[in-house]
Asks: 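Have a look at this one.
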Amino acid sequence: MSLLVVGLSHRSAPVSVLERASLPADSQVKLLQDTLAAEPAAEAAVLATCNRIELYADVDKFHAGVAELSTLLAQHSGVGLDELTPYLYVHYEDRAVHHLFSVACGLDSMVVGEGQILGQIKDALALGQELHTAGRLLNDLFQQALRVGKRAHSETGIDRAGQSLVTFGLEQLADGRDPAAWAQGKRALVIGAGSMSSLAAATLARTGVAEIVVANRTRARADRLVEILNQADGTGVAAHAVEMAAVADELSRADVVVSCTGATGLVLSAEAVAGALGLEFDPAYEVPAASVPAPSAEPDQQHAAWVENGSATATAQTRTVHRIPAQSTGPVRLALLDLAMPRDIDGGAARLDGVRLVDIESLAEASADAPMAADVDQVRTIVADEVAAFGAAQRAAHITPTVVALRTMAAGVVAGEIARLDGRLPDLDEKQRAEISQTVRRVVDKLLHAPTVRVKQLASEPGGAGYADALRELFDLDPQTVAAVSRADLNDPNRGRS
């Protein structure tokens with residue numbers, strides 16, 4: 001079996017395609033289940049963030065695996081395979097390991113060096129373990145990726161460049177000003193209470209806003225986030241929670257809004273933003289359906305599903321989503337930061353007087369011009385070393401069941417010969433019998449020691465996978481015995497758990 005990853009990210013696809021291909025939690029579960037049911041795959045894990053969707057699998061056929069994983073991604077993302085294919089990348093074996101380790105270190109992130117990806121990798125592993133789709137290979141791979149990411153952050157200065165996406169977004173909103181000076185005394189509205197929204201709220205509190213209002217579909221989660229904010233030392237921020245139905249009213253009193261929900265459609269329309277500012281909404285901002293560009297450019301349709309518990313702006317029918325990159329001019333009355341994928345805030349709001357909108361798409365453009373940290377080369381060296389170590393460990397692990405089976409067979413031969421000796425020399429006392437048994441076992445152990453140690457060393461080197469087959473052939477080992485050892489190792493309840 002071999003490691004394969006098929007995916008797309010902000011580096012390979014426009015944000016508009018990533019947005020449409022985003023996978024909610026229930027779709028991730030179904031994707032994993034269907035991948036495991038597919039013939040080429042024995043294990044599967046999915047890493048889905050705001051700027052990447054990647055499907056990892058242990059496959060027995062490369063070309064069949066690529067075709068199957070690509071098809072499954074298209075089916076579950078809702079983006080046609082023909083449209084999705086030009087944006088997909090494929091990594092295999094060591095290149096796949098190198099890719100995940102680079103992702104874990106933040107080298108492949110929109111903001112180089114950011115550390116939030118480690119939590120997302122941990123969540124991907126936890127989901128695979130919960131659904132039993134992550135077996136020995138993917139457990140080892142993702143656990144090692146987490147260790148590599150932590151090592152990169154502890155041994156290098158990558159953290160100095162590794163702002164969170166939230167921090168980077170606030171810098172873009174501040175538009176050249178010191179974010180702390182820009183945020184001082186402002187009233188912030190945070191929509192959502194998940195990990196990204198919680199990070200946004202905590203960052204806003206540290207940056208110096210005076211008040212934070214949290215709105216979430218589940219009120220209990222909003223209340224919990226507010227409790228954490230109010231207990232934080234040294235921020236002095238006043239925080240309270242509101243129902244989603246109160247978003248329209250809170251919007252009119254806010255200076256800055258950060259939104260990151262799991263909604264599949266808009267949370268804030270341009271019309272709602274205009275109403276909050278007392279502006280007349282101009283329908284001319286609408287993009288006529290007849291002028292919708294090709295899918296590889298800017299799609300204009302989404303379903304708004306954020307209707308539970310009284311969302312102020314979403315509707316159940318298909319709505320037009322504005323994708324207008326130009327920003328309004330003049331003093332900023334309302335700063336909007338949209339960290340959701342698919343996006344929460346209608347892009348047409350950017351054209352309203354006094355509104356500044358920063359979203360994933362504009363962050364991707366800004367990050368492309370960001371300088372790389374001096375520590376990136378050191379992190380790349382760490383990644384390369386860890387990829388080599390992982391490959392060696394996997395190759396060594398591949399031969400271990402064969403070595404164990406060989407020693408088991410040898411122990412059986414010794415036991416059989418001692419039994420035969422007992423029949424021939426029944427007058428041996430217990431001390432003599434024990435001495436003879438120990439001598440025979442010692443001879444067998446010495447004969448096997450050098451070749452088994454050497455074969456493990458050879459197997460850990462590139463191209464060493466054939467040594468296990470050679471050992472099984474030379475000693476005529478029962479394949480079922482080798483497989484039984486592998487299954488016992490795989491079913492170890494302590495394996496792959498952090």
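Being a predicted model, the structure only gives us computed values, none of them experimental. Here, residue 1 is the first one in the sequence, and each next residue gets the next number.
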Asks: Identify the two heavy atoms, one from A145 and one from L118, that lie closest to each other, and give their separation to 0.1 Å.
Replies: O-CD2, 4.4 Å
Asks: Can you check side chain to side chain contact (heavy atoms under 4.5 Å, CB included) on R136 and N139, steps first, answer last?
Replies: CA-CA 5 Å; R136 180 172 60 190; N139 266 294; 6.0 Å; no
Asks: Output the distance between atom CZ (F101) and atom CG (D108), rounded to the nearest 0.5 Å.
Replies: 14.5 Å
Asks: Between S70 and L81, is any pair of side-chain heavy atoms under 4.5 Å apart?
Replies: yes
Asks: Apply side chain to side chain contact (heavy atoms under 4.5 Å, CB included) to residues Q116 and M196 and explain how you reach the verdict.
Replies: CA-CA 9 Å; Q116 191 180 12; M196 183 70 83; 3.4 Å; yes
Asks: For the atom pair CG (D26) and CG (L31), what is the distance rounded to the nearest 0.5 Å?
Replies: 11.5 Å
Asks: My understanding is that only one of D344, V257, V258, D359 makes a side chain to side chain contact (heavy atoms under 4.5 Å, CB included) with L337; could you say which?
Replies: V258
Asks: Any side-chain heavy atom of V90 sitting closer than 4.5 Å to one from F62?
Replies: yes
Asks: Has the side chain of E43 got a donor or acceptor atom that lies under 3.5 Å from a matching backbone atom of L137?
Replies: yes
Asks: Closest approach of F142 and I121, non-hydrogen atoms and distance?
Replies: CD2-CG2, 3.6 Å
Asks: Counting C-beta onward and ignoring hydrogens, is there a side-chain heavy-atom pair between E114 and L165 closer than 4.5 Å?
Replies: no
Asks: Quick one: does any side-chain atom of T261 pair with a main-chain N or O of G192 as donor and acceptor, under 3.5 Å?
Replies: no
Asks: Run the salt bridge (Lys or Arg N to Asp or Glu O under 4.0 Å) check on R380 and D377 step by step: do they pass?
Replies: CA-CA 5 Å; R380 286 175 175 156; D377 286 342; 3.5 Å; yes
Asks: I need the L199 CG to C260 SG distance, nearest 0.5 Å.
Replies: 9.5 Å
Asks: Would a 4.5 Å heavy-atom cut-off, applied to side chains only, mark L421 and R433 as touching?
Replies: no
Asks: Over all heavy atoms of both residues, which pair between L336 and L173 is shortest? Give the atoms and the distance, please.
Replies: O-CD2, 3.5 Å
Asks: If you round to the nearest 0.5 Å, how far is CD of E417 from CZ of R441?
Replies: 12.5 Å
Asks: Do NZ/NE/NH1/NH2 and the carboxylate oxygens of K30 and D34 come within less than 4.0 Å?
Replies: yes
Asks: Only one of P24, S16, S22 forms a side chain to side chain contact (heavy atoms under 4.5 Å, CB included) with P342, so which one is it?
Replies: S22
Asks: Locate the shortest heavy-atom distance separating R11 from L107; write the atom from each residue and the value.
Replies: NH2-O, 3.3 Å
Asks: With a 4.5 Å heavy-atom cut-off, do M341 and V15 have their side chains touching?
Replies: yes
Asks: Out of H98, Q144, R147, which one pairs with E386 under the side-chain hydrogen bond (donor to acceptor under 3.5 Å, both in side chains) rule?
Replies: Q144
Asks: Using the side chain to side chain contact (heavy atoms under 4.5 Å, CB included) rule, pick out the option among L32, V29, T35 that qualifies with V46.
Replies: L32
Asks: Side-chain contact test, heavy atoms from C-beta onward, threshold under 4.5 Å: evaluate it for M110 versus I360 and give yes or no.
Replies: yes
Asks: Tell me if a side-chain donor or acceptor on T452 pairs with a main-chain N or O of H449 at a distance below 3.5 Å.
Replies: yes
Asks: Taking the side chain from R52 and the backbone from V103, do they hold a donor-acceptor pair closer than 3.5 Å?
Replies: no
Asks: Decide whether Q378 and T156 meet the rule of one side-chain donor and one side-chain acceptor closer than 3.5 Å.
Replies: no
Asks: Hey, could you give me the CD/CG distance between E68 and L73, rounded to the nearest 0.5 Å?
Replies: 10.5 Å
Asks: Roughly how far, to the nearest 0.5 Å, is CZ of R224 from CG of N216?
Replies: 14.0 Å
Asks: Would you indicate whether the side-chain heavy atoms of L69 and L88 approach each other to under 4.5 Å?
Replies: no
Asks: Step by step, would you call I158 with V376 a side chain to side chain contact (heavy atoms under 4.5 Å, CB included)?
Replies: CA-CA 7 Å; I158 193 73; V376 165; 3.8 Å; yes
Asks: What heavy-atom pair brings S27 and H76 nearest, and what distance separates the two atoms?
Replies: O-ND1, 4.1 Å
Asks: Could you tell me which non-hydrogen atom of L3 sits nearest to which non-hydrogen atom of Y92, and how far apart they are?
Replies: O-CD1, 3.2 Å
Asks: Walk me through whether V214 and R221 qualify under side chain to side chain contact (heavy atoms under 4.5 Å, CB included).
Replies: CA-CA 10 Å; V214 179; R221 295 190 67 180; over 6 Å; no
Asks: Any side-chain heavy atom of H99 within less than 4.5 Å of one from Y56?
Replies: yes
Asks: Under a 3.5 Å distance rule, please check whether S2 uses its side chain to pair with a backbone N or O of E93 as donor and acceptor.
Replies: no
Asks: Taking S12 for the side chain and L8 for the main chain, is one N or O donor matched with an acceptor at less than 3.5 Å?
Replies: no
